[in-house]
2 protein chains.
Amino acid sequence: MMNKNQAFPWDHPRFRSWIGVARACQLMQQAMSRAIAGLGIKPPHLDILVNLYRFDGISQQELARKLLVGRSNMSMLLPHLEKRGLIERRADAKDKRVLRLSLTEAGRSLTEEAMAIQTGLIERALSPTPAERCLQVAEAMEDLIHILQTMDADDEPDDA
Amino acid sequence: MMNKNQAFPWDHPRFRSWIGVARACQLMQQAMSRAIAGLGIKPPHLDILVNLYRFDGISQQELARKLLVGRSNMSMLLPHLEKRGLIERRADAKDKRVLRLSLTEAGRSLTEEAMAIQTGLIERALSPTPAERCLQVAEAMEDLIHILQTMDADDEPDDA
DNA sequence: TGATTTTTGTTCATCATTGTACTTTATTGT
DNA sequence: ACAATAAAGTACAATGATGAACAAAAATCA
């Protein structure tokens with residue numbers, strides 16, 4: 001059994017492909033962690049800062065959804081960044097439940113430094129891959145993301 | 001500043017590409033976690049079992065290196081799997097320091113079940129991507145892995 | 001309006017991962 | 001052979017992530 005069509009999982013082209021993606025991600029995460037350590041932040045913080053840089057005034061809920069983590073994670077990390085003077089949390093005027101997030105000046109400039117490092121590392125790591133190929137990779141990943149999110153959406157509503 | 005060449009990081013093709021890879025990885029990890037939860041194992045255990053399935057008699061050190069984690073991580077996880085009767089650890093005859101790892105019968109059959117689920121999920125997630133494209137993705141990831149590993153090797157020996 | 005349900009964010013207990021220090025065994029150098 | 005160094009595995013303390021229970025505010029609906 002299982003050695004009828006393709007002997008082992010690692011002989012499937014898609015399986016090998018995915019193993020490569022997973023390893024690459026892990027290594028990249030570690031490399032990124034070291035690259036930005038000098039700025040006193042770690043990958044989770046960087047993700048937050050970049051998203052605030054891009055989407056000013058976002059709520060904690062929306063931020064958590066973008067980062068694919070739970071709300072509680074934001075509640076743990078954001079006060080830290082706030083105390084360090086990198087971000088601000090102001091209550092929304094119309095809905096007193098939500099906290100609107102934005103970068104301080106210090107946060108904005110640190111984020112720009114961090115993004116320069118991040119972009120540099122990504123450029124170096126993908127430098128042997130031509131831009132066109134990168135777009136094909138991106139396309140494959142977006143298809144995958146769409147499928148997984150659809151699967152999740154299917155599971156939850158009708159679930160037991 | 002920074003908006004001279006390409007306005008923002010997310011306009012770089014390689015940057016966008018990488019963001020997609022990272023998101024895909026995260027979602028896949030979560031989906032995989034749910035997919036194998038019924039077998040009573042989590043992604044780290046699956047990684048271990050698959051590697052033991054493929055490389056019987058490997059040592060804890062080698063396993064840790066393959067999985068890109070620390071030795072201590074193996075020391076935490078393996079006794080668990082051993083108590084559950086999925087793996088065996090036997091001292092090497094020639095070098096009393098190393099423990100040689102192998103799957104039990106129960107472990108082997110559970111691993112086959114798990115790999116079937118894993119392969120199925122990967123196949124589904126990458127189904128819209130033709131096999132040829134998958135190989136191109138794999139190639140890009142292998143280049144990236146090689147670069148990052150070379151960078152690490154460069155940093156450590158001469159490091160401060 | 002008043003009661004019920006949703007939504008937002010927080011708190012807390014639990015679990016996973018990491019790095020460091022430590023023990024035991026091999027290897028190297030003299 | 002003996003001392004020093006390196007390597008394999010373990011123990012432990014610190015950090016990070018997760019999910020569930022909770023409080024406050026808003027929305028829904030009768």
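Convention: sequence-line order gives letters A, B, ...; per-chain numbering from 1.
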Quick one, Q118(A) with V50(A), criterion side chain to side chain contact (heavy atoms under 4.5 Å, CB included). Give me CA distance, side-chain angles, the key distance, then yes/no. CA-CA 10 Å; Q118(A) 186 186 27; V50(A) 171; 4.0 Å; yes
Just do the side chain to side chain contact (heavy atoms under 4.5 Å, CB included) check on Q149(A) and R23(B) with the steps written out, would you? CA-CA 11 Å; Q149(A) 283 176 338; R23(B) 283 183 72 81; 3.9 Å; yes
W18(B) vs M141(A), test: side chain to side chain contact (heavy atoms under 4.5 Å, CB included). Steps then yes/no. CA-CA 9 Å; W18(B) 183 256; M141(A) 292 302 122; over 6 Å; no
Can you list the steps and then say if I48(B) with M74(B) is a side chain to side chain contact (heavy atoms under 4.5 Å, CB included)? CA-CA 9 Å; I48(B) 291 173; M74(B) 295 300 96; 4.1 Å; yes
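Atom CG in D92(A) sits about 11 Å away from atom P in dA27(D), given to the nearest Å. For the pair N73(B) CG and dG9(D) P, the computed distance is 14 Å after rounding to whole Å. Residue K96(B) contributes atom NZ, which lies 11 Å from atom C1' of dT24(C) at whole-angstrom precision. If you take CD of Q29(B) and P of dG16(D), they are 19 Å apart, rounded to a whole angstrom. Rounded to whole Å, the distance from NE2 on H80(B) to P on dT10(D) is 14 Å.
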Using a 3.5 Å limit on both pairing distances, list the dot-bracket string of DNA chain C from the 5' end; Watson-Crick and G-U wobble pairs count, crossing pairs take [ ], interstrand pairs take |. ||||||||||||||||||||||||||||||
At under 4.0 Å between heavy atoms, how does the protein contact nucleotides 6-15 of chain C? Give one character per nucleotide, 5' to 3', with B, S or -. -BSBBBB---
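Nearest heavy-atom pair, P44(A) versus L77(A), reported as atom, atom and distance to 0.1 Å: CB-CD1, 4.1 Å. Listed here is the closest heavy atom pair of Q60(B) and S75(B): NE2-OG, 3.8 Å. Looking at every heavy atom in both residues, R14(A) comes nearest to P130(B) through NH1-C, 4.0 Å.
Atom CZ of R90(B) is surrounded by 12 or fewer heavy atoms from other residues, nucleotides or ligands within 6.0 Å.
Nearer the 5' end of DNA chain D, as judged by each residue's closest nucleotide, is the contact made by P44(A), out of K94(A) and P44(A).
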